[in-house]
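Written out below as structure tokens is the structure these notes cover.
Numbering of ligands and ligand atoms starts at 1, following listing order. Start at 1 with the first residue, then count along the sequence. All figures in this text were calculated on a predicted structure; none of them were measured in a lab.
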Amino acid sequence: MPLELLTIPCLADNYAFLLVNDAGEAALVDAPEAAPINAALAARGLTLTTILLTHHHWDHVEGLEGLSTAPAPRRIGAKADAHRLPPLTEEVSEGERITVLGEAVDILDVSGHTVGHIAFHFPASGFVFTGDSLMAFGCGRLFEGTPDQMYHSLGKLAALPQETLVCSGHEYTAANAKFAASVLPGVAAIAARCAETDRLRRAGQFTVPSSLALETATNPFLLAPDAAAFAKLRAQKDVF
Ligand code: ZN
Ligand code: FE
């Protein structure tokens, strides 16, 4: 049975995600805000067994202490980020495979936004949790890493099976759409995604998760032909 995915809006524009198995156990990816996560757990009577953290930024960990969890769940994050993450029970690195809710999860280093940022790939259920690395129609700002690092990170994500659902950390898609349309005008697939993004947001719907196939076809940062072109694009977006 594939895991069920619940997308939980938090704060102004963050997302947390719950994965649920058929035994009523849940795994949380990032904890921007406790109340909406607690509400989602309570509404379904779920037991939170695992917390996965993509990176240390406050808007991805701030809700941790307020979660109603008994017994204490596993807390998993990057070894390279452990010194500035809340206390972890398991430190993981690129290439490791762990088990969450009975399913294999591959750890990818996707540094760029921060150094030590990781993604969690669930190959059996077809999800990848990308935090602020690959985002819907865009990518995270480079606070710590180099353009080369982020370009390499995005390349790893783009190489996953195209049907994978990209579960990213923010609802930034409308702003990303404006940028995509300005740098790649006249690309039909991009224009169509802009219209679809507009339609979804007007209807109050989420644009996250998105399919990797859609990202590889329309995300300007994945369409950049090389690291230099990526660097230029990312710099343009910073001042857009
Ligand atoms: Zn961040
Ligand atoms: Fe963030």
Side-chain angles (χ1 to χ4, degrees), residues 5-18 27-37 40 51-67 75-86 88 91-94 107-121 127-154 156-157 165-179 197 201 206-210 215 219 221-222 230-231 233-235 237-240:
L5 179 74
L6 304 178
T7 303
I8 305 171
C10 295
L11 302 174
D13 56 29
N14 276 79
Y15 288 118
F17 300 93
L18 281 174
L28 173 70
V29 184
D30 285 347
E33 185 182 12
I37 297 166
I51 299 170
L52 304 170
L53 299 172
T54 60
H55 67 299
H56 72 280
H57 280 161
W58 72 271
D59 62 313
H60 297 257
V61 301
E62 184 94 324
L64 272 182
E65 295 317 318
L67 294 176
R75 241 191 224 190
I76 303 171
K79 187 181 176 79
D81 218 10
H83 62 288
R84 51 189 182 173
L85 281 168
L88 303 173
E91 299 177 3
V92 296
S93 304
E94 161 98 0
I107 308 300
L108 287 85
D109 179 296
V110 291
S111 289
H113 175 70
T114 60
V115 172
H117 192 310
I118 53 175
F120 300 93
H121 179 220
F127 301 121
V128 66
F129 296 89
T130 59
D132 294 352
S133 59
L134 175 60
M135 307 186 80
F137 224 175
C139 75
R141 194 178 277 260
L142 303 180
F143 286 115
E144 297 177 359
T146 63
D148 268 27
Q149 258 175 328
M150 184 63 123
Y151 182 72
H152 183 65
S153 296
L154 295 181
K156 280 188 240 180
L157 294 166
L165 279 184
V166 179
C167 307
S168 53
H170 289 268
E171 182 61 59
Y172 288 164
T173 318
N176 290 341
K178 288 194 183 72
F179 179 71
T197 299
R201 295 309 292 151
F206 308 153
T207 63
V208 174
S210 54
E215 298 305 333
N219 188 317
F221 296 100
L222 294 186
F230 170 81
L233 203 58
R234 189 54 256 182
K237 176 68 167 64
D238 287 347
V239 295
F240 183 71

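Shown are Leu28, Leu64, Leu52; of these, the side-chain contact (heavy atoms from CB on, under 4.5 Å) with Arg75 is made only by Leu64.
Distance check for Asp132 against the Zn ion (ligand 1): an N/O/S atom falls below 2.8 Å. Here His170 reaches the Fe ion (ligand 2): one of its N/O/S atoms is less than 2.8 Å from the metal. Within the 2.8 Å limit, His60 places no N, O or S atom next to the Zn ion (ligand 1).
In His152, the NE2 atom is not crowded: 12 or fewer heavy atoms of neighbouring residues, nucleotides or ligands sit closer than 6.0 Å.
Contact check for His56 versus Val61: no side-chain heavy atoms found under the 4.5 Å cut-off. Considering only heavy atoms from C-beta on, Asp81 stays 4.5 Å or farther from His117 through its side chain.
Around the Fe ion (ligand 2), the two atoms NE2 of His60 and OD2 of Asp132 are separated by an angle of 90°, to 10 degrees. Here the angle at the Zn ion (ligand 1) defined by NE2 in His113 and NE2 in His55 stands at 100°, rounded to 10 degrees.
When the salt bridge (charged side-chain N to carboxylate O under 4.0 Å, His left out) test is applied to Asp59, no partner is found at least two apart in sequence or on another chain.
Minimum-distance N/O/S atom of His57 relative to the Zn ion (ligand 1): ND1. Nearest N, O or S atom of Asp59 to the Fe ion (ligand 2): atom OD2.
Using bins of under 30°, 30° to 60° and over 60° for the plane-to-plane angle, the ring pair His57/Phe143 lands in the perpendicular bin.
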